[in-house]
J.: 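Dumping the structure here so I can ask a few things about it.
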Amino acid sequence: MGKMLEIKDLYVKYRTIYKDVLAVNGVSISLEKGESLGLVGETGAGKTTLALTIMGILPKGVGEAYRGEVLVKGEDFLNASERRLRKARGKEMSMIFQDPMTALNPVMTVGDQIAEVLKLHEVEHVDSRVDEILQLVGIEPARKICYPHQFSGGMKQRIVIAIALACEPELLIADEPTTALDVTIQAQILSMIDDIQKRFKTSLILITHDLGIVAESCDKVAVMYAGEILEFGTLEQVFDKSRPHHPYTVGLFGCIPDLSTDKPRLEPIKGMPPDPSDLPLGCCFSPRCKDCMGKCAQDKPGNYMTPDGHMIKCHLFTDPGEAAESE
């Protein structure tokens, strides 16, 4: 079908008066047209920074993508002009932001906020298109004259989705679109995103903490930690417990309740993610890893790739001989 998005060896940092915060460190992923990718990991892993970099909306003077490539349909968007990015945002790529309370303008009606995107991209019949997109996300068109504070949390999220989908973008980034919503509304929002993606054949990047959501919605999975992709593969590869996995991925699955086993407590991953301004010298996960070897603390691991394209970034697989000796 062709590549919709290619990220090659991307590095992003935030400049502060004390130290540089290394938010994304050597990320390489790709997404085909019409595919969905689940980007999972703990808070502070760099998931949102990666999304902001793709959209070209890193905070000016603070955030800097200083190495690598971001290609959208083969075009270099990392070094594109602001004029080109403005033309692309909304039409070629769009983003559902995490918090609808801050994403929506409190002094504009929701209809005007959707119409603003349509007018920017010179879409014809704006009023009828606003009505159509509101119906698509399950909101009565008559409510387009209302302000954000007149809607519930779930409906605000639907409006944010409506704004993101107004011009039928080819690439949609959803940054934890169901955070702080109850499970019923969460299921409705995810079902709606899935239906819309299939209807418009949209490529989707779904950022989430919830592996259950990824299992329901995604074709590929990227496990992110301390700004690096530690494991990448298809949904079947990452969720197949009989296959090899990165210790961090194993730890994430260990935090999920399993109804088939009788365990008195879950097994959380011990410790905390590293300070991004002071990352470990070797493997970024080594301070918390139960399988840590001497080499892990000193050397960065390479990428172990299975014949069917499942990638794991770990010394356990790139140096299996040393792993056996350490046991």
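Along the sequence shown, residues are numbered consecutively beginning with 1.
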J.: Would you find more than 12 non-hydrogen atoms of other residues, nucleotides or ligands less than 6.0 Å from Met101 atom CE?
T.: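 No, not enclosed.
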J.: Please assess Lys60 against Glu82 for the test salt bridge (charged side-chain N to carboxylate O under 4.0 Å, His left out), listing each intermediate value before the final yes or no.
T.: CA-CA 12 Å; Lys60 300 291 184 185; Glu82 183 59 31; 3.8 Å; yes
J.: For Ser203 and Glu32, which heavy atoms make the closest approach, and how far apart are they?
T.: OG-O, 3.1 Å
J.: So, Ser28 and Asp9: side-chain donor and acceptor under 3.5 Å apart, yes or no?
T.: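 Their side chains do not contain a donor-acceptor pair, so the 3.5 Å distance test is not met.
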J.: Tell me whether His209 contacts the main-chain N or O of Gly41 through its side chain, where contact means a donor paired with an acceptor under 3.5 Å.
T.: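 Between the backbone of Gly41 and the side chain of His209 there is a qualifying donor-acceptor contact (under 3.5 Å).
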J.: Checking Arg143 against Phe151: charged group under 6.0 Å from the ring centre and within 45 degrees of the axis?
T.: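 Geometry flag: set, cation within 6.0 Å and 45°.
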J.: Does Arg15 use its side chain to pair, donor to acceptor, with the backbone of Val62 at less than 3.5 Å?
T.: no
J.: To the closest 0.5 Å, what do you measure between OG (Ser286) and NZ (Lys300)?
T.: 8.0 Å
J.: Output yes when Asp195 and Arg199 qualify as a salt bridge under the 4.0 Å nitrogen-oxygen rule, no when they do not.
T.: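 Looking at Asp195 and Arg199, the cut-off is not met.
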J.: Consider only side-chain heavy atoms of I, L, V, M, F, W and Y, link residues closer than 4.5 Å, and tell whether Val238 and Tyr248 are in one cluster.
T.: yes
J.: Under 4.5 Å between any side-chain heavy atoms of Pro169 and Met93, yes or no?
T.: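 In short, these two side chains do not touch, never coming nearer than 4.5 Å.
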J.: Minimum heavy-atom separation for Pro274 to Leu279, with atom names?
T.: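 Heavy atoms of Pro274 and Leu279 come nearest at CG-CD2, 4.0 Å.
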J.: Would you check if there is a donor-acceptor pair between the side chains of Asp240 and Ser242 at a distance under 3.5 Å?
T.: yes
J.: Are Ile312 and Val40 joined in one hydrophobic group, where the rule is that I, L, V, M, F, W and Y side chains link up if heavy atoms are under 4.5 Å apart?
T.: no
J.: Would you compute the distance between atom CD1 of Ile196 and atom CD1 of Ile133 and round it to the nearest 0.5 angstrom?
T.: 6.5 Å
J.: For Gln188, is the CD atom crowded, meaning more than 12 foreign heavy atoms sit under 6.0 Å from it?
T.: yes
J.: Does Glu42 form a salt bridge (charged side-chain N to carboxylate O under 4.0 Å, His left out) with Lys47? I'd like the steps, not just the answer.
T.: CA-CA 9 Å; Glu42 293 170 275; Lys47 305 184 299 294; over 6 Å; no
J.: Check this for me: does any side-chain nitrogen of one of Glu124 and Lys119 sit under 4.0 Å from a carboxylate oxygen of the other?
T.: no
J.: Closer than 3.5 angstrom, by distance alone: can the side chain of His315 be matched with the main-chain N or O of Asp299 as a donor-acceptor pair?
T.: yes
J.: In Å, rounded to the nearest 0.5 Å, how long is the span from SG of Cys218 to CD of Gln197?
T.: 8.0 Å
J.: If you look at every heavy atom in Leu37 and Ile29, which pair is closest and at what distance?
T.: CD2-CD1, 3.7 Å
J.: Ignoring hydrogens and angles, tell me if any N or O in the side chain of Ser94 forms a donor-acceptor pair with the backbone of Arg89 under 3.5 Å.
T.: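 It does not hold such a pair.
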J.: Would you call Glu231 and Arg243 a salt bridge, using N to O less than 4.0 angstrom?
T.: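 So Glu231 does not pair with Arg243 through a salt bridge.
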J.: Does one hydrophobic cluster hold both Met55 and Ile207, with members joined at side-chain heavy-atom distances below 4.5 Å?
T.: yes
J.: From Leu171 CG over to Leu31 CG, what is the distance, rounded to the nearest 0.5 angstrom?
T.: 6.5 Å
J.: Hydrophobic cluster membership, with links at side-chain heavy-atom distances under 4.5 Å among I/L/V/M/F/W/Y: are Leu78 and Ile229 in one?
T.: yes
J.: Which is it for Tyr304 and Thr306 under the side chain to side chain contact (heavy atoms under 4.5 Å, CB included) test, yes or no, and what are the steps along the way?
T.: CA-CA 7 Å; Tyr304 167 74; Thr306 65; 3.7 Å; yes
J.: Could you check whether the rings of His245 and Phe253 sit parallel, tilted or perpendicular, using 30° and 60° as the cut-offs?
T.: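 Judged by the thresholds at 30° and 60°, the geometry between His245 and Phe253 is tilted.
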J.: From the options Lys73, Lys201, Lys91, select the one residue that forms a side-chain hydrogen bond (donor to acceptor under 3.5 Å, both in side chains) with Glu170.
T.: Lys73
J.: Please report the shortest heavy-atom distance between His121 and Cys167, naming the atom on each side.
T.: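 So the two residues come closest at CD2-SG, 3.8 Å.
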J.: I'd like to know if the side chain of Asp131 pairs up with that of Ser128 as donor and acceptor (distance under 3.5 Å, no hydrogens or angles considered).
T.: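 No, no side-chain donor-acceptor pair sits under 3.5 Å.
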J.: Can Ile173 and Ile96 be said to form a side chain to side chain contact (heavy atoms under 4.5 Å, CB included), step by step?
T.: CA-CA 6 Å; Ile173 303 173; Ile96 301 169; over 6 Å; no
J.: Taking the basic N atoms (NZ, or NE/NH1/NH2) and the acidic carboxylate oxygens, is any pair closer than 4.0 Å for Lys19 and Asp278?
T.: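 No, no charged N to carboxylate O under 4.0 Å.
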J.: Validate the cation-pi geometry between Lys220 and Phe232: distance from NZ or CZ to the six-membered ring centre under 6.0 Å, angle to the ring axis within 45°.
T.: no
J.: Pairing donors with acceptors under 3.5 angstrom, does anything connect the side chains of Thr48 and Asp175?
T.: yes
J.: Can you tell me how far CG of Leu71 sits from CG of Leu5, rounded to the nearest 0.5 angstrom?
T.: 8.0 Å
J.: For atom CD of Gln150, is the number of surrounding heavy atoms from other residues, nucleotides or ligands below 6.0 Å larger than 12?
T.: yes
J.: Quick one: do Val12 and Leu50 satisfy side chain to side chain contact (heavy atoms under 4.5 Å, CB included)? Show the steps, please.
T.: CA-CA 8 Å; Val12 182; Leu50 184 61; over 6 Å; no
J.: With Ile193 as reference, evaluate Leu165, Thr202, Leu204, Val137 under the side chain to side chain contact (heavy atoms under 4.5 Å, CB included) test and give the passing residue.
T.: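 Going through Leu165, Thr202, Leu204, Val137 one by one, the side chain to side chain contact (heavy atoms under 4.5 Å, CB included) with Ile193 is satisfied by Leu204 alone.
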J.: Just do the side chain to side chain contact (heavy atoms under 4.5 Å, CB included) check on Glu176 and Asp210 with the steps written out, would you?
T.: CA-CA 9 Å; Glu176 300 189 34; Asp210 192 335; over 6 Å; no
J.: Are Leu39 and Met95 connected in a single hydrophobic cluster, I mean Ile/Leu/Val/Met/Phe/Trp/Tyr linked by side-chain heavy atoms less than 4.5 Å apart?
T.: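 Met95 clusters together with Leu39.
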J.: If we ignore hydrogens and angles and just use 3.5 Å, is the side chain of Ser217 paired with the main-chain N or O of Ile213 as donor and acceptor?
T.: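 Yes; judged by distance alone, with no hydrogens or angles, the pair exists.
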J.: Show, in sequence, the C-alpha distance, side-chain angles and deciding distance for Asp219 and Ser36, and conclude whether the side-chain hydrogen bond (donor to acceptor under 3.5 Å, both in side chains) test is met.
T.: CA-CA 5 Å; Asp219 303 312; Ser36 54; 3.1 Å; yes
J.: Yes or no on side-chain hydrogen bond (donor to acceptor under 3.5 Å, both in side chains) for Ser277 and Tyr14, after CA distance, side-chain angles and deciding distance?
T.: CA-CA 9 Å; Ser277 65; Tyr14 293 106; over 6 Å; no
J.: Counting only heavy atoms from other residues, nucleotides and ligands, does the tally under 6.0 Å from CD of Glu116 exceed 12?
T.: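 Incorrect, the count does not exceed 12.
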J.: Salt bridge check: are Lys3 and Glu35 linked by an N-O gap of less than 4.0 Å?
T.: no
J.: Nearest 0.5 Å please: distance from the CZ atom of Phe97 over to the CG atom of Leu52.
T.: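 Phe97 CZ to Leu52 CG: 7.0 Å, rounded to 0.5 Å.
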J.: Would you say the side-chain atoms of Gln113 pair up with the backbone N or O of Met108, donor to acceptor, closer than 3.5 Å?
T.: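 Yes, because the side chain of Gln113 sits within donor-acceptor range (under 3.5 Å) of the backbone of Met108.
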J.: Would one find more than 12 heavy atoms of other residues, nucleotides or ligands at under 6.0 Å from atom CD1 of Ile57?
T.: yes
J.: Heavy-atom count around Tyr66 OH within 6.0 Å, excluding the residue itself: above 12?
T.: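 Yes.
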